[in-house]
Number of protein chains: 2
Amino acid sequence: MGRGSGGRQKLIDAALELASTTRSLASLGLREVTRCAGLAPNAFYRHFRDFDDLGLAAVDMMGGELRRGLRERRLRLARSRQGSVVSTKGVVNDAGRQNIRETVGLVLDFVTEHPTAYVVGIRELNGSSPKMRAAVRRLLDDFARDMAEDIQQMLDAPMTDAVSMQEIARQVIYQMTFFSMDYLEQPQRRDEIREQAERFILRMFVGEMGLQAMAPKKKAAARK
Amino acid sequence: MGRGSGGRQKLIDAALELASTTRSLASLGLREVTRCAGLAPNAFYRHFRDFDDLGLAAVDMMGGELRRGLRERRLRLARSRQGSVVSTKGVVNDAGRQNIRETVGLVLDFVTEHPTAYVVGIRELNGSSPKMRAAVRRLLDDFARDMAEDIQQMLDAPMTDAVSMQEIARQVIYQMTFFSMDYLEQPQRRDEIREQAERFILRMFVGEMGLQAMAPKKKAAARK
DNA sequence: CACGAATGTGGACACTCGTCTACTTTTTGT
DNA sequence: ACAAAAAGTAGACGAGTGTCCACATTCGTG
């Protein structure tokens with residue numbers, strides 16, 4: 001009982017493959033996908049109701065793996081420099097910059113290792129299916145939550161309040177989608193893009209610290 | 001000689017209408033669009049070679065209008081407060097914040113006035129057609145160029161070098177695509193989203209000034 | 001006016017698509 | 001080991017599609 005001879009996985013792979021090079025997920029043909037997977041058209045119905053269903057399954061699978069992978073690698077990094085907690089005001093010194101560099105590298109490496117899944121995911125982020133959009137956004141928000149949590153734990157004192165940290169993490173994650181796409185599409189500019197991403201994150205942190213320093217009361221009040 | 005009875009425009013409108021509610025541009029059917037436009041299927045060939053062609057025409061038209069509209073409204077705003085040049089370090093004071101607030105409002109207003117075209121454009125930003133992607137990105141980069149130029153002119157002294165300003169403007173424009181989509185999709189959260197966008201831009205500027213202040217030589221050297 | 005280009009129409013072709021029913025093979029729990 | 005459930009196959013139906021050809025209409029300009 002269960003997953004048979006992996007036809008389900010073959011279908012997901014075929015769909016991602018086709019969608020990444022040809023079209024959006026929803027515009028794929030049922031027969032097109034089954035043909036590419038080496039199955040009969042009807043085999044699709046055994047596993048999925050429609051393409052939204054397949055898409056959500058793909059997001060669950062790849063997303064879960066990605067999130068787990070990122071967390072694991074991040075924890076491994078953190079453990080390798082255990083004890084060297086970064087001081088709040090030291091986010092921008094060499095230790096802080098090294099942290100940012102490693103995190104950006106983590107994301108970009110994952111992206112280059114799973115290009116098809118990533119491209120399709122980002123494509124569906126603003127895509128036509130509301131369900132897919134919601135699923136991908138939920139996933140990105142989970143990443144942002146993880147990231148905010150890890151950063152706060154890495155510092156000896158909170159850099160800012162939890163809400164702002166969450167907001168910043170979200171904006172960083174979303175901006176990273178653009179960096180990642182550029183990174184995949186323009187291999188010759190990879191170093192430059194990497195540096196741009198690092199600068200962006202650094203700028204966000206420095207900016208937040210500046211805002212906190214110059215008008216903490218005003219900001220707290222404006223946050224309703 | 002020329003555009004006859006506006007069938008071309010009808011086709012573009014129909015395509016945007018269908019794509020914004022149903023699917024991506026490339027996945028539309030030729031007959032579907034012509035039917036929605038009230039024309040015979042063959043009329044499509046009179047105006048466009050394929051859907052990429054239609055898409056590029058739509059981007060040219062809407063993009064040009066948007067860019068012209070934004071520039072015009074921005075200049076009008078600038079003229080209405082002529083003489084009150086903002087000092088470089090005053091970007092974050094009340095005058096600077098007011099500037100940011102107005103610019104954000106400009107963009108969000110335009111978006112709410114042309115939702116279908118905007119949604120389709122953003123959808124094609126990471127879409128399946130390379131030509132469309134390139135066209136939309138070129139358009140966004142034009143916006144960024146305009147924005148960088150206007151900001152530099154508004155200040156009494158350059159806040160940072162031209163390259164960095166351009167980079168920041170690009171990142172702000174790209175992030176605004178997310179804010180705009182949220183703004184359209186979640187009318188009940190509009191005030192909150194507006195404030196988030198303003199905070200984001202403020203944070204970018206403060207961050208850049210901070211970076212400039214703390215390590216100008218290092219940055220200049222790192223810029224190759 | 002009248003001619004030609006631009007624009008729009010109608011019908012027809014071969015093709016792919018999604019879906020259904022009926023049948024065979026494989027996997028798996030007990 | 002056996003029976004049932006799950007996975008996969010085969011063929012066929014109607015609907016919708018892209019594209020082509022030949023014909024009608026509109027419109028601007030000589």
Practice item. Sugar-phosphate atoms are those with a prime plus P, OP1 and OP2; base atoms are the rest. Using that split, label each nucleotide of nucleotides 15-21 of chain D B, S or - for protein heavy atoms under 4.0 Å, 5' to 3'. Key: --SBBBB

Show which side-chain atoms of residues 60-72 of chain B pair as donor or acceptor with protein atoms under 3.5 Å away, not counting sequence neighbours.
| residue | atom | partner | partner atom | Å |
| --- | --- | --- | --- | --- |
| R67(B) | NE | D146(B) | OD2 | 2.8 |
| R67(B) | NH2 | D146(B) | OD1 | 3.2 |
| R71(B) | NH1 | D146(B) | OD1 | 3.3 |
| R71(B) | NH2 | D150(B) | OD1 | 2.9 |

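Between the side chain of S164(B) and the backbone N or O of D161(B) there is no donor-acceptor pair closer than 3.5 Å.
Remark: F178(A) engages Y174(B), F178(B) in a ring pair (Phe, Tyr, Trp, His ring centres under 6.0 Å) (not counting sequence neighbours). Not counting sequence neighbours, the partners of Q196(A) by the side-chain contact (heavy atoms from CB on, under 4.5 Å) test are F179(A), R189(A), E192(A), R199(A), E167(B), Q171(B).
One interatomic measurement links the two molecules: NZ of K10(A) to P of dT9(D), which rounds to 8 Å at whole-angstrom precision. With rounding to whole Å, F44(A) atom CZ is found 17 Å from dA6(D) atom C1'. Rounding to whole angstrom units, CD of residue Q9(B) and P of dG8(C) are separated by 12 Å.
Each ring-ring contact (aromatic ring centres under 6.0 Å, His included) pair with one or both residues in residues 108-145 of chain A, not counting sequence neighbours, appears once here: F110(A)-H114(A). Among residues at least two apart or in separate chains, salt bridge (charged side-chain N to carboxylate O under 4.0 Å, His left out) pairs with a member in residues 122-133 of chain A are R133(A)-E185(B).
Put simply, H47(B) has a side-chain N or O that comes within less than 4.0 Å of OP1 or OP2 on dG8(C).
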